[in-house]
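The chain is numbered in sequence order, starting from 1. For the numbers below, each heavy atom of this structure counts, side chains included, while hydrogens, waters and symmetry mates do not.
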Amino acid sequence: MNAKPWPNAVCSRPLQQTVFHIWTTAQWVHQRAVTALQQFAPTMNPFDLSVLRFINHFAFRSTLFDYMAMAIEKFYFTRGLGLICLLWWIWFRNGPDARRDREIVVCTAAATMLSLIIGRLLAHYLPFRVRPFADPALAMHFPAEVSTCKAPIMRSWSSFPSDHAMMWCAVATGVYLASRRLGIVAFIYTIAFICFPRVYLGMHYPTDILAGVALGVVICLLLNHAVIRQRIAAPVLEWSVKYQGAFYVCIFLLSFELASQFDELRKLSEFLWDRA
């Protein structure tokens, strides 16, 4: 439906007219936003091809390495649990900047969830980009598990941008803001154990990862701006003191879901897809 922002329709009541104008304007903004996003749609480019061909040159040369890459991609600990542990350490460490540290942790958690949401929205509204392992035009074979390659949810979700890169680079940025040394370690960990295996296994193109890294870092930096950080974190920190038990129960559950990257919801989506 192509709705114009201000049609000449006349409503009998002022409230109905206001609601009608808001609805049609929202549709107009949505259409313009989708058109603008499509201008940034990822296409096959020499950079992606050259990097994929170089990395793919090492595939299937070592069965041990291939299985290690698949295990690293699947295990929760190597997929981000270690970074969640760093956030917990920052939360509980004592020092003169303890409140600032906790503010950073709160805003980093918010940035991580926001990154996942924005990543899914971009993947939905941008033109679909098939994953490397599912693209026969590449004429490449990737050492991904058969179950991974045949999963309908993997084939139906666009590869751009990488929500894994967005989420965990947002976390690494938050760690860096609290501790530069740990932050550098967190970024190396994210690139080596989260981003690289997804390119090696053919789940993402290099530009998917680069876009995810950039978006995750920017989102976390924005939410950790001093003014924004204090406004977001203040009610959360107040709640953590007032309702300590309930707060830590919720934070534990949130930590688990972030570490597993909401796998339960993904599996539920796959189950519903199979029966649709």
Side-chain angles (χ1 to χ4, degrees), residues 29 33 36-37 40 79-93 95-126 160-191 194-195 208-243 246-262 265:
V29 171
L37 284 172
F40 299 94
R79 203 168 61 178
L81 181 59
L83 296 176
I84 297 297
C85 292
L86 289 181
L87 289 180
W88 275 105
W89 179 81
I90 292 169
W91 177 274
F92 283 109
R93 72 174 179 174
D97 297 326
R99 181 174 178 83
R100 176 180 174 273
D101 288 343
R102 294 195 170 192
E103 289 177 352
I104 290 175
V105 172
V106 170
C107 290
T108 299
T112 305
M113 291 186 291
L114 184 60
S115 295
L116 180 61
I117 294 171
I118 292 177
R120 287 293 91 216
L121 290 175
L122 289 174
H124 178 74
Y125 285 111
L126 287 174
F160 184 91
S162 169
D163 52 4
H164 282 73
M166 287 182 68
M167 281 185 60
W168 298 115
C169 282
V171 174
T173 303
V175 174
Y176 180 84
L177 292 174
S179 171
R180 290 190 176 183
R181 290 183 180 179
L182 278 181
I184 293 173
V185 173
F187 271 110
I188 294 174
Y189 176 94
T190 302
I191 298 300
I194 298 174
C195 296
D208 300 341
I209 299 295
L210 292 176
V213 170
L215 289 169
V217 170
V218 169
I219 291 170
C220 189
L221 289 177
L222 286 176
L223 265 62
N224 273 286
H225 184 276
V227 177
I228 300 175
R229 185 184 72 228
Q230 291 170 5
R231 289 187 178 181
I232 294 175
V236 178
L237 295 181
E238 182 180 351
W239 185 49
S240 71
V241 175
K242 250 179 160 181
Y243 307 101
F247 173 79
Y248 282 108
V249 168
C250 293
I251 292 300
F252 172 79
L253 293 175
L254 176 61
S255 298
F256 174 79
E257 290 298 333
L258 288 177
S260 63
Q261 200 158 345
F262 301 93
L265 293 179

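- Within the 6.0 Å centre-distance limit, the rings of Trp91 and Phe247 are counted as a close aromatic pair.
- Side-chain contact between Thr190 and Cys195: present, with at least one pair of heavy atoms (C-beta onward) separated by less than 4.5 Å.
- At most 12 heavy atoms of other shown residues, nucleotides or ligands fall within 6.0 angstrom of atom CZ in Phe252.
- We find the CG-CZ distance between Asp97 and Arg99 to be 12.5 Å, quoted to the nearest 0.5 Å.
- Residue Asn224 comes nearest to Ile104 through the heavy atom pair OD1-CA, 3.5 Å, listed as atom of the first residue, atom of the second, then distance.
- Using a 4.5 Å heavy-atom cutoff, the side chains of Leu254 and Met113 are in contact.
- The shortest side-chain heavy-atom distance between Leu177 and Leu221 falls under the 4.5 Å cut-off.
- Among residues two or more places apart in sequence or in another chain, the salt bridge (charged side-chain N to carboxylate O under 4.0 Å, His left out) test is passed with Arg102 by none.
- Checked against salt bridge (charged side-chain N to carboxylate O under 4.0 Å, His left out), Arg231 has no partners two or more places apart in sequence or in another chain.
- Side-chain contact between Ile232 and Leu223: present, with at least one pair of heavy atoms (C-beta onward) separated by less than 4.5 Å.
- The salt bridge (charged side-chain N to carboxylate O under 4.0 Å, His left out) test applied to Arg100 returns no partner, not counting sequence neighbours.
- Taken to the nearest 0.5 Å, the CD1 atom of Ile118 stands 3.5 Å off from the CD1 atom of Ile219.
- Taking the side chain as every heavy atom from C-beta outward, Asp208 and Pro161 never approach each other to under 4.5 Å.
- For the atom pair CE (Met167) and CG (Leu258), the distance works out to 5.0 Å, reported to the nearest 0.5 Å.
- Counting heavy atoms from C-beta outward, Phe160 and Leu122 have side chains that stay 4.5 Å or more apart.
- In this structure, Ala165 and Ile209 approach most closely via the heavy-atom pair CB-O, 3.8 Å.
- Using a 30° and 60° split on the angle between ring planes, Trp239 and Tyr243 fall in the tilted class, from 30° to 60°.
- Using a 4.5 Å heavy-atom threshold, the side chains of Arg79 and His164 count as touching.
- The line from CG of Leu86 to OG1 of Thr108 is 11.5 Å long, rounded to the nearest 0.5 Å.
- Distance check, rounded to the nearest 0.5 Å: OG of Ser115 to CH2 of Trp168 gives 11.0 Å.
- Residues Val236 and Glu103 have side chains not in contact (no heavy-atom distance under 4.5 Å, counting atoms from C-beta outward).
- Distance check, rounded to the nearest 0.5 Å: SG of Cys85 to CD1 of Ile90 gives 11.5 Å.
- Residue Ala170 comes nearest to Cys220 through the heavy atom pair O-SG, 3.2 Å, listed as atom of the first residue, atom of the second, then distance.
- Side chain of Ser179 to main chain of Tyr176: no donor-acceptor pair is present (N/O by atom type, distance under 3.5 Å, no hydrogens or angles).
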